[in-house]
Amino acid sequence: MADRSKSSEGAHGAEIMPRHVAIIMDGNGRWAAERGLPRALGHRSGVEAVRRTVQAAIDLSIPYLTLYSFSSENWSRPQDEIDDLMGLMKRFIRRDLAELHQNNVRVMVIGERDNVDHELQVLIDEACELTRENTRLNLVIAFNYGSRSEITRAARRLAEEVAAGRLSSADITTDLMTRALDTKGVPDPDVLIRTSGECRLSNFLLWQCAYTEFVFLDAYWPDFGRELLLEAITQFRGRERRFGGLSCRSTA
Ligand code: IPE
Ligand code: IPE
Ligand code: MG
């Protein structure tokens with residue numbers, strides 16, 4: 001479990017800002033289709049929404065923002081769409097890295113590096129390395145990410161430690177599992193937002209979202225920005241988080 005003392009957990013006060021917002025950025029294709037545009041333009045507009053959202057998170061002093069940008073299942077899309085998405089990721093790092101660094105944003109990337117072309121891997125490493133000491137916003141990009149594969153990789157690594165005699169199976173606790181995931185050091189999301197009206201996780205942060213509040217918005221991702229982020233936070237603030245305990249209201 002993440003350290004509760006530093007997060008907004010266990011509260012339902014109107015003042016609480018989430019410490020970690022995670023977003024499934026969905027609906028680029030439908031946004032484009034509604035305008036008679038190719039899907040690629042939906043993805044391009046989606047990058048503008050990413051910029052607005054990062055800025056809003058900085059302005060609102062949200063310390064962790066995780067964005068689901070490409071899933072391990074998205075490889076099943078047509079090759080030209082995959083090429084568009086890879087191209088956008090490269091361009092985003094090339095164009096935005098200096099400004100992110102200037103704004104004291106730390107970039108972290110979770111997911112597998114397999115299948116990712118070498119040029120993009122180098123850019124990702126550069127972004128993470130350059131910004132590693134930054135402290136204002138931790139921007140976690142889930143890229144080529146799938147939660148089941150993340151959990152499986154973590155389990156495999158721990159099994160290897162046990163086989164090598166460096167770890168006892170009795171030492172495998174939920175804390176150790178948490179630290180073996182790609183999100184090591186990142187607190188669990190307080191709120192998960194998914195745009196586009198779909199109400200599913202699509203293999204995103206399955207372990208980390210055990211007690212996360214979910215907010216599903218009908219808007220497509222390219223229409224997202226500060227206003228919708230605030231709307232989601234307002235919904236989050238109206239929730240009472242119990243973590244398996246009793247309602248504060250009923251015990252008051
Ligand atoms: C989200 O938009 C972007 C990625 C999944 C990479 P979609 O491309 O899934 O858009 P829809 O869901 O088809 O509208
Ligand atoms: C989830 O969206 C992945 C990302 C937003 C990167 P998808 O559009 O791939 O999810 P499904 O296929 O509708 O579940
Ligand atoms: Mg989609």
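Everything numeric in this text was worked out from a predicted model, so none of it was measured. Order of appearance sets the numbers: ligands from 1, and atoms from 1 within every ligand. Values reported hereafter were calculated over all heavy atoms of this structure, with side chains retained and with hydrogens, waters and symmetry mates removed.
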- prompt: Should the pair Arg242-Glu240 be classified as a salt bridge under the 4.0 Å nitrogen-to-oxygen rule?
  reply: yes
message: What does the 4.0 Å heavy-atom contact list look like for ligand 1?
response: Met25, Asp26, Gly27, Asn28, Gly29, Arg30, Arg39, His43, Ser69, Asn74, Arg77, Glu81, Leu85
task: Pick out which of Arg241, Arg239, Arg19 makes a side-chain hydrogen bond (donor to acceptor under 3.5 Å, both in side chains) with Asp190.
output: Arg241
N, O or S atom within Asp26 nearest to the Mg ion (ligand 3), by name: OD1
For Arg200, atoms of ligand 2 separated by under 4.0 Å from a heavy atom: 11 (P), 13 (O), 14 (O)
message: Looking at Asp182 and Arg153, is any side-chain nitrogen of the basic one under 4.0 Å from a carboxylate oxygen of the acidic one?
response: yes
message: Pair Arg51, Glu48 - check salt bridge (charged side-chain N to carboxylate O under 4.0 Å, His left out), show working.
response: CA-CA 5 Å; Arg51 293 191 174 109; Glu48 292 304 320; 2.8 Å; yes
query: Quick one: are Leu41 and Arg44 in side-chain contact, heavy atoms under 4.5 Å?
result: yes
field: Electrostatic pair Arg132:Glu129 at N-O distance under 4.0 angstrom
entry: yes
field: Presence of salt bridge, Lys90 and Asp117, under 4.0 angstrom
entry: yes
